[in-house]
Amino acid sequence: MAKWGLLGCVGALILALIIAGAWFIGVRNHFVTLEEAVNQQWAQVESQYQRRYDLVPNLVRTVQGAAAFEKSTLEAVVQARSRVGQVAAPGAAITTDPNAMAQFEAAQGALSSALSRLLVVVERYPELKANQNFLELQSQLEGTENRIAVERMRFNEAAQQYNTAIRKFPASIVANFSGFKPRAYFKGTAGSERAPEVQFNFGTATQ
């Protein structure tokens with residue numbers, strides 16, 4: 001009887017270990033899925049920011065052609081774009097460092113502000129408002145800013161789902177053991193679940 005009792009205990013222990021191992025693997029795989037969703041969404045954010053970054057030189061060249069266009073406004077855009085290049089995001093890894101994320105967001109925000117000021121100043125230059133190349137660039141920038149807002153919101157949603165999952169007990173034990181780190185949010189507006197509102201003041205173009 002003692003022998004069978006011992007075998008029963010060993011069997012129960014093995015079964016418990018198998019169940020615990022299966023649970024651990026299942027939870028870890030769930031975290032991997034959520035983490036990949038965050039990384040994928042970050043790639044979408046980067047893509048839209050890169051699109052805007054690439055549009056700026058053409059915009060500057062077009063605006064430079066206007067007589068007496070304010071030099072300081074153009075310089076502010078060029079300098080803001082340069083700062084963005086200096087803090088270019090090294091993939092989704094930036095989202096695990098709140099300070100790096102804040103620097104990235106601040107640089108992008110400064111470029112948004114500089115572009116907004118430029119497009120407000122353009123209202124004083126009818127020849128630019130009637131320039132087809134400028135109108136096309138303006139439209140592309142407006143569309144890109146809107147897509148940036150959407151992708152930022154989606155990133156925050158994905159990051160929030162991931163962060164919540166890795167903090168819940170007892171799954172947090174798996175997260176800590178496996179090295180899953182929280183992701184930083186975009187904080188352009190109150191509430192990480194909201195996308196920052198686009199404040200570009202695009203005037204109505206006239207031919």
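- Separation of atoms OH (Y53) and OG1 (T144) is listed at 15.5 Å; rounding is to 0.5 Å.
- Using the six-membered ring where Trp is involved, F31 and F180 have ring planes that are perpendicular, over 60° apart on the 30 and 60° scheme.
- Note on L111: it clusters hydrophobically with V78, by side-chain heavy-atom contacts below 4.5 Å among ILVMFWY residues.
- Side-chain atoms of S113 come within 3.5 Å of backbone N or O of G109 as a donor-acceptor pair.
- Across Y49 and Q108, no two heavy atoms sit closer than the pair CD2-OE1, 3.1 Å.
- Heavy-atom minimum distance, Q140 versus R147: O-NH2, 4.4 Å.
- If you chain together ILVMFWY residues whose side-chain heavy atoms come under 4.5 Å of each other, I25 ends up in a group of its own.
- For the atom pair CE (M153) and CZ (F186), the distance works out to 13.0 Å, reported to the nearest 0.5 Å.
- The pair E105-K187 fails the salt-bridge criterion, with no side-chain N (NZ, NE, NH1 or NH2) lying under 4.0 Å from an Asp/Glu carboxylate O.
- Distance check: E46 CD to I94 CD1 gives 8.0 Å after rounding to the nearest 0.5 Å.
- Under the 3.5 Å distance criterion, with hydrogens and angles disregarded, a donor-acceptor pair is assigned to the side chains of R183 and T95.
- Considering R51, Q50, R52 in turn, Q50 is the only one that fulfils the side-chain hydrogen bond (donor to acceptor under 3.5 Å, both in side chains) rule with D54.
- Here Y185 contributes atom OH and N156 contributes atom CG; the two are 7.5 Å apart, rounded to the nearest 0.5 Å.
- Between E151 and V45, the shortest heavy-atom distance links the atoms O-CG2, 3.5 Å.
- For the pair Q64 and L74, the tightest heavy-atom approach, listed with the atom from each and the gap, is CG-CD1, 3.5 Å.
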message = Before you tell me yes or no, could you show the steps for S178 and R28 under side chain to side chain contact (heavy atoms under 4.5 Å, CB included), namely the whole-Å CA-CA distance, both residues' side-chain angles and the distance that decides it to 0.1 Å?
response = CA-CA 8 Å; S178 302; R28 190 181 188 284; 3.5 Å; yes
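- For the pair V77 and L115, the tightest heavy-atom approach, listed with the atom from each and the gap, is CG1-CD2, 4.0 Å.
- Nearest heavy atom pair, residue A165 against residue A171, reads O-CB, 4.0 Å.
- Between N146 atom CG and Q48 atom CD the span is 10.5 Å, to the nearest 0.5 Å.
- Interatomic distance, OG1 of T96 versus CD of E35, reported as 9.5 Å (0.5 Å rounding).
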